[in-house]
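Numbers for residues simply follow the sequence, beginning at 1. Reckoned from all heavy atoms, side chains included, excluding hydrogens, waters and symmetry mates. The structure displayed is predicted, hence computed values, not measured ones.
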Amino acid sequence: MAIVTVGELLDRGHEFELRLEKYYGEIRDRATDNGVRLLTYYLARHRRHQERALKDLPRGVVQHVRMVELKFDISFDPEKNFHLLKAPPKTVAGDQLLQAAIGYNGELTALYRAILEQPVDDNARPVLEALLRVEERDIVMLKKMLAMHYF
């Protein structure tokens, strides 16, 4: 059994978010609906969540948390469940974007909770909890946007 670190899991999410940012750019370039275009700008900034949650922490703390070894690997393959990536960008509607983003944020919160269920040291716990809170707040915002039927 291979050892996985918190950093490897965070990197999996970050790499996927870079692909998402590119996909959102393609949607923005092809969309005729200004609301959908505006939404893609908002969603493309998601990759900065991790950076924002970690920015005020000392570099040594972040490096330490990234190196924390977990007892077992956690299933985290967001691309597998983000079916929207298979849709041609010009056919994507705003509600579809919101639902997909909510689903992805849900996967991130599940990831952070699964990491927190494992034995992690006291320095790592607050960092992971901060990442979890950032995603939970974003889910609330996205759900509000979906409920208001902006698109």
Which residue is it: D121, T5, V4? I am looking for the one with a side chain to side chain contact (heavy atoms under 4.5 Å, CB included) to V68. D121
How close do [X] and [Y] get, heavy atom to heavy atom, and via which atoms?
{"X": "V120", "Y": "L70", "result": "CG1-CD2, 4.0 Å"}
{"X": "A87", "Y": "T91", "result": "CB-OG1, 4.2 Å"}
{"X": "D33", "Y": "G35", "result": "OD1-N, 2.6 Å"}
{"X": "G94", "Y": "V36", "result": "N-CG2, 3.6 Å"}
{"X": "A44", "Y": "E21", "result": "O-OE2, 3.7 Å"}
{"X": "A101", "Y": "L43", "result": "CB-CD2, 3.6 Å"}

If you round to the nearest 0.5 Å, how far is [atom2] of [Y] from [atom1] of [X]?
{"X": "I102", "Y": "I139", "atom1": "CD1", "atom2": "CD1", "answer": "8.0 Å"}
{"X": "L85", "Y": "E26", "atom1": "CG", "atom2": "CD", "answer": "9.5 Å"}
{"X": "E79", "Y": "E15", "atom1": "CD", "atom2": "CD", "answer": "11.0 Å"}
{"X": "E129", "Y": "R133", "atom1": "CD", "atom2": "CZ", "answer": "6.5 Å"}
{"X": "L142", "Y": "N105", "atom1": "CG", "atom2": "CG", "answer": "5.5 Å"}
{"X": "L97", "Y": "I27", "atom1": "CG", "atom2": "CD1", "answer": "4.5 Å"}

For the residue pair [X] and [Y], establish whether any side-chain heavy-atom pair is separated by less than 4.5 Å.
{"X": "D73", "Y": "L9", "answer": "yes"}
{"X": "V61", "Y": "P58", "answer": "yes"}
{"X": "M145", "Y": "L39", "answer": "yes"}
{"X": "L10", "Y": "L131", "answer": "yes"}

Single-linkage hydrophobic cluster V134~L132, side-chain heavy atoms < 4.5 angstrom: no
Grouping I, L, V, M, F, W and Y whenever their side-chain heavy atoms are under 4.5 Å apart, do V92 and L146 come out in a common cluster? yes
Would V127 and V62 count as a side chain to side chain contact (heavy atoms under 4.5 Å, CB included) if you check the C-alpha gap in whole Å, the side-chain angles of each, and the deciding distance to 0.1 Å? CA-CA 8 Å; V127 173; V62 173; 5.9 Å; no
Just grab all the ring pair (Phe, Tyr, Trp, His ring centres under 6.0 Å) pairs involving residues 93-146, residues at least two apart or on different chains. F16-Y104, H46-Y104
Which ring pair (Phe, Tyr, Trp, His ring centres under 6.0 Å) pairs, counting each pair once, include a residue from residues 19-42, with sequence neighbours left out? none
Sort out for me which residue in E135, E136, E107 forms a salt bridge (Lys or Arg N to Asp or Glu O under 4.0 Å) with R113. E136
Evaluation steps, side chain to side chain contact (heavy atoms under 4.5 Å, CB included), between I3 and E69: CA-CA 7 Å; I3 295 174; E69 295 178 350; 3.6 Å; yes
Is it true that R37 and D29 make a salt bridge, defined as a side-chain N closer than 4.0 Å to a carboxylate O? no
Any salt bridge between K144 and D138, counting N to O under 4.0 Å? no
Under 3.5 Å: donor-acceptor pair, side chain of Q99, backbone of Q96: no
Donor-acceptor pair, distance only, cut-off 3.5 Å: does the side chain of Q118 make one with the backbone of I115? no
Checking R12 against D77 for the salt bridge (charged side-chain N to carboxylate O under 4.0 Å, His left out) test, could you report, in this order, the C-alpha distance in whole Å, the side-chain angles of both residues, the deciding distance, and whether it holds? CA-CA 8 Å; R12 283 184 214 169; D77 185 7; over 6 Å; no
